[in-house]
Protein chains: 2
Amino acid sequence: MTLDPDLFSDCLPGRPLIRIGDKWTTKIIVCLRDGPRRFGELIVPLRITAKVLTESLRAMERDGLITRTAYDTNPPRVEYALTPLGRTLLEPLAAICAWTAAHQPAVLEARAT
Amino acid sequence: MTLDPDLFSDCLPGRPLIRIGDKWTTKIIVCLRDGPRRFGELIVPLRITAKVLTESLRAMERDGLITRTAYDTNPPRVEYALTPLGRTLLEPLAAICAWTAAHQPAVLEARAT
DNA sequence: GTAGCCAGTTTCGTTGCGGTAACCGGCATA
DNA sequence: TATGCCGGTTACCGCAACGAAACTGGCTAC
């Protein structure tokens with residue numbers, strides 16, 4: 001019982017990470033890695049529904065991870081882009097991706113036995 | 001529409017990561033960082049219920065991340081420990097923790113405005 | 001005038017994670 | 001006899017994430 005009950009207070013909040021634990025945030029960030037993208041350019045490769053994509057984008061905008069830019073053209077054109085803050089997430093995300101690529105087979109094998 | 005629809009197939013499976021997206025796995029791994037721990041030594045600092053802890057431990061055992069060792073004593077004594085595979089998760093997890101420690105204030109500030 | 005494009009919104013329903021509370025079985029102590 | 005400890009199990013429940021489908025609105029092209 002030697003563990004500090006608040007061991008995680010500054011490192012692992014309620015959820016493992018702000019919006020990193022959910023299904024879509026990480027994928028959206030990876031998708032915006034190479035520059036701004038339009039709504040329709042996110043919805044197709046992510047295979048996400050419009051409603052869930054909108055919700056995710058709004059939440060990430062609130063958190064300062066992305067920006068939303070609407071152009072007053074026709075048909076409407078909206079671009080989403082990573083903020084500098086959002087861009088800082090690419091590095092730890094890459095560490096996670098590397099771990100998955102390296103060890104997922106081992107996990108799947110363990111799960112099978 | 002230039003993105004490969006299978007962009008994430010080898011990097012970000014259905015969930016962001018095997019059992020990394022959920023609420024407890026990361027905390028359990030951090031908790032076992034310094035050596036084996038008993039059931040009761042996990043349940044107290046994690047502030048988790050017995051049912052959810054049992055479920056999480058079983059799942060992590062299936063995935064080969066931890067081992068469960070039951071000693072035939074009285075009262076019963078069960079120890080959980082990280083496997084070498086589970087231990088490899090500490091490094092990417094540290095990257096996430098570092099990001100959170102560095103940028104969580106910025107996120108909270110963005111959320112407030 | 002009708003059809004299509006883009007970026008949504010709305011409604012409704014499903015699923016699954018996590019939580020609460022009660023209970024169990026073997027042993028030890030009072 | 002009963003009470004407590006340890007490591008669970010079981011039944012039930014609520015909520016938030018997720019999804020499918022239909023609809024909107026402004027503009028353009030046919």
Side-chain angles (χ1 to χ4, degrees), chain A residues 1-3 5 8 12-29 31-32 36-63 66-81 111, chain B residues 1-3 5 8 12-29 31-32 36-63 66-81 111:
Chain A
M1 233 65 71
T2 58
L3 273 187
F8 314 101
L12 295 170
R15 286 276 154 181
L17 244 203
I18 301 160
R19 293 237 122 226
I20 300 306
D22 77 325
K23 186 173 179 180
W24 296 110
T25 302
T26 54
K27 296 188 180 185
I28 291 172
I29 287 177
C31 226
L32 293 176
R37 285 195 176 274
R38 304 176 56 177
F39 191 85
E41 291 171 336
L42 291 168
I43 207 170
V44 169
L46 288 171
R47 295 200 189 97
I48 189 177
T49 62
K51 177 197 143 199
V52 176
L53 178 57
T54 302
E55 287 171 356
S56 303
L57 291 171
R58 295 286 185 278
M60 294 171 70
E61 198 189 356
R62 271 199 306 276
D63 287 354
I66 62 170
T67 57
R68 191 190 111 107
T69 311
Y71 300 94
D72 200 5
T73 63
N74 55 318
R77 173 184 183 85
V78 182
E79 278 190 349
Y80 296 93
R111 200 177 286 180
Chain B
M1 236 64 71
T2 58
L3 273 187
F8 313 102
L12 295 170
R15 284 278 155 181
L17 244 202
I18 301 160
R19 293 237 123 227
I20 300 305
D22 76 325
K23 186 172 179 180
W24 295 111
T25 302
T26 53
K27 296 187 178 184
I28 292 172
I29 287 176
C31 225
L32 293 175
R37 286 195 175 272
R38 302 177 58 177
F39 190 85
E41 291 171 336
L42 291 168
I43 208 171
V44 169
L46 288 172
R47 294 200 190 97
I48 189 178
T49 62
K51 177 202 144 196
V52 176
L53 179 56
T54 303
E55 286 172 356
S56 302
L57 292 171
R58 294 286 185 277
M60 293 171 69
E61 198 188 356
R62 270 199 306 275
D63 287 354
I66 61 171
T67 57
R68 192 188 111 109
T69 311
Y71 299 95
D72 201 6
T73 62
N74 54 321
R77 173 185 182 83
V78 182
E79 277 190 350
Y80 297 91
R111 200 176 287 181

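Hydrogens, waters and symmetry mates play no part in the numbers below; they use all other heavy atoms, side chains included. Every chain is numbered from 1, with letters handed out A, B, ... down the list of sequences.
Between the CZ atom of R38(B) and the C1' atom of dG8(D) there is a distance of 13 Å, given to the nearest Å. Separating the CZ atom of F39(B) from the P atom of dC6(D) is a distance of 12 Å, rounded to the nearest angstrom. The interatomic distance linking I48(A) (CD1) with dA17(D) (C1') rounds to 11 Å, in whole Å. At whole-Å resolution of the value, CG in D22(B) and C1' in dA17(D) are 15 Å apart. The CH2-C1' distance, from W24(A) to dA16(D), rounds to 16 Å in whole Å. Regarding L53(B), its CG atom lies at a distance of 10 Å from the C1' atom of dG7(D), rounded to whole Å. Between D72(A) atom CG and dG25(D) atom P there is a gap of 17 Å when expressed in whole angstrom units. Rounded to whole angstrom, the span from the CG atom of L42(A) across to the P atom of dG8(C) amounts to 10 Å.
When all heavy atoms of R47(A) and W24(A) are compared, the closest pair comes out as O-CH2, 3.9 Å.
Residue R37(B) places none of its side-chain N or O atoms closer than 4.0 Å to OP1 or OP2 of dG7(D). For the pair N74(A) and dG26(D), the criterion of a side-chain N or O lying under 4.0 Å from OP1 or OP2 is not met. R47(B) has no side-chain polar atom (N or O) that falls below the 4.0 Å cut-off from OP1 or OP2 of dG19(C). Residue R77(A) places no side-chain N or O under 4.0 Å from the OP1 or OP2 atom of dA7(C). Under 4.0 angstrom from either OP1 or OP2 of dA7(C) there lies no side-chain N or O belonging to R58(A).
Atoms CD1 and CD1, on I28(B) and I48(B) in that order, are 5.0 Å from each other to the nearest 0.5 Å. Here R58(B) contributes atom CZ and R62(B) contributes atom CZ; the two are 9.5 Å apart, rounded to the nearest 0.5 Å.
Between the side chain of R68(B) and the main chain of E61(B), no donor-acceptor pair closer than 3.5 Å is present.
Remark on DNA chain D: of its neighbouring residues P75(A) and A50(A), the 5'-side contact belongs to A50(A), judged by nearest-heavy-atom nucleotide. Mapping Y80(A) and K51(B) onto DNA chain C by nearest heavy atom places Y80(A) closer to the 5' end of the strand.
Ranking dG18(C), dG8(C), dC6(C) by closeness to the P76(A) side chain, first place goes to dC6(C). Counting only heavy atoms from C-beta on, T49(B) has its side chain closest to dT20(C) among dT9(C), dT20(C), dT9(D). Of the candidate nucleotides dA7(C), dC5(D), dG8(D), dA7(C) has the atom nearest to the side chain of R68(A).
Taking the side chain as every heavy atom from C-beta outward, L42(A) and L57(A) approach each other to under 4.5 Å.
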